[in-house]
Colleague: 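Structure below; questions to follow.
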Amino acid sequence: MHMNFFRHAILLLSIAMALVSCKDDPNLVIKRQQQEAQLLELDQELQSLEQQLKKKPKDVSVEIAVTKDELTVLQKEAARLESEIVLLREKKLLLEKEFADYRKKYPIN
């Protein structure tokens, strides 16, 4: 809000100065007009930068932290499940050996 008011005030002031300066030195009038043109150019550049700031992506650092925490939990769960798989494979091998021993002891005719 203040920026728009400030821009309008500068523009009105420069127009007023241009009207008053009609009786001034022509070189100074030209210099003032160049400065006014430069002010308008800078004003447009400022507006462009403000628009870019409005399009700035939102801060996602909180979501990243939550996702990292979830990833840690999931990695621990994956490690636990991998350990469980190793134990179950060992148990399977043991049961297969016991079953093979049982079949040797009690053959089916």
Side-chain angles (χ1 to χ4, degrees):
M1 285 285 196
H2 293 311
M3 293 302 287
N4 286 336
F5 174 74
F6 184 67
R7 284 189 205 123
H8 292 297
I10 289 176
L11 186 60
L12 289 174
L13 183 62
S14 51
I15 290 172
M17 291 177 72
L19 291 174
V20 171
S21 69
C22 290
K23 297 178 185 173
D24 289 342
D25 181 19
N27 291 332
L28 292 177
V29 171
I30 291 171
K31 186 175 180 181
R32 185 172 294 139
Q33 288 172 346
Q34 290 172 343
Q35 289 174 341
E36 288 171 2
Q38 203 173 24
L39 278 173
L40 288 174
E41 184 179 317
L42 290 173
D43 184 49
Q44 290 172 349
E45 186 177 339
L46 179 62
Q47 287 176 2
S48 173
L49 290 173
E50 286 175 347
Q51 289 297 321
Q52 289 177 5
L53 280 175
K54 288 179 184 175
K55 295 178 184 176
K56 187 176 95 173
K58 68 175 186 166
D59 182 20
V60 292
S61 58
V62 172
E63 285 121 357
I64 290 173
V66 169
T67 303
K68 284 182 179 180
D69 291 342
E70 290 173 354
L71 176 63
T72 302
V73 169
L74 291 173
Q75 287 174 331
K76 288 178 182 178
E77 178 69 10
R80 185 190 66 76
L81 291 172
E82 287 173 1
S83 297
E84 189 176 330
I85 288 171
V86 169
L87 292 174
L88 289 172
R89 284 184 179 156
E90 290 172 356
K91 186 175 181 179
K92 176 187 170 204
L93 290 174
L94 181 62
L95 289 173
E96 286 174 343
K97 183 183 178 309
E98 287 178 7
F99 183 65
D101 290 345
Y102 177 83
R103 290 184 84 181
K104 283 183 189 177
K105 188 174 181 180
Y106 302 102
I108 300 176
N109 292 333

Colleague: In this structure, are over 12 heavy atoms from other groups packed under 6.0 Å from Glu41 atom CD?
Modeller: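 No - once you tally the heavy atoms of other residues, nucleotides and ligands closer than 6.0 Å, there are 12 at most.
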Colleague: I need the Leu93 CG to Leu88 CG distance, nearest 0.5 Å.
Modeller: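 Leu93 atom CG to Leu88 atom CG measures 11.0 Å (nearest 0.5 Å).
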Colleague: Any chance you could measure Gln44, atom CD, to Leu42, atom CG, to the nearest 0.5 Å?
Modeller: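 Separation between the atoms: 9.5 Å.
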Colleague: Would you say Arg103 has more than 12 foreign heavy atoms packed within less than 6.0 Å of its CZ?
Modeller: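 12 or below, so no.
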Colleague: Is the shortest side-chain N to carboxylate O distance from Arg80 to Glu84 below 4.0 Å?
Modeller: yes
Colleague: To the closest 0.5 Å, what do you measure between CD1 (Ile64) and CG (Asp59)?
Modeller: 8.0 Å
Colleague: If you measure from CD on Gln35 to CG on Leu28, what distance do you get to the nearest 0.5 Å?
Modeller: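 If I round to the nearest 0.5 Å, the distance is 9.5 Å.
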Colleague: Between Glu96 and Lys92 (salt bridge meaning N to carboxylate O under 4.0 Å), is one present in this structure?
Modeller: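 Salt bridge flag = yes for Lys92 with Glu96.
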Colleague: Does any N or O in the side chain of Thr67 come within less than 3.5 Å of the main-chain N or O of Glu63, such that one atom is a donor and the other an acceptor?
Modeller: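 Looks like yes, one N/O pair under 3.5 Å.
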Colleague: In Å and rounded to the nearest 0.5 Å, what is the CD to CD distance from Glu82 to Glu77?
Modeller: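 The CD atom of Glu82 sits 11.0 Å away from the CD atom of Glu77.
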Colleague: Would you check if Asp101 and Lys105 make a side-chain contact, meaning some heavy-atom pair closer than 4.5 Å?
Modeller: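 With C-beta onward as the side chain, the pair stays apart.
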Colleague: Do Lys58 and Val60 come within less than 4.5 Å of each other through their side chains, counting heavy atoms only?
Modeller: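 Result yes, sub-4.5 Å side-chain heavy-atom pair found.
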Colleague: Taking the six-membered ring for Trp, are Tyr102 and Tyr106 parallel (under 30°), tilted (30 to 60°) or perpendicular (over 60°)?
Modeller: tilted
Colleague: Rounded at 0.5 Å granularity, tell me how far CZ in Arg89 sits from NZ in Lys91.
Modeller: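 Going from CZ on Arg89 over to NZ on Lys91, the span is 15.5 Å.
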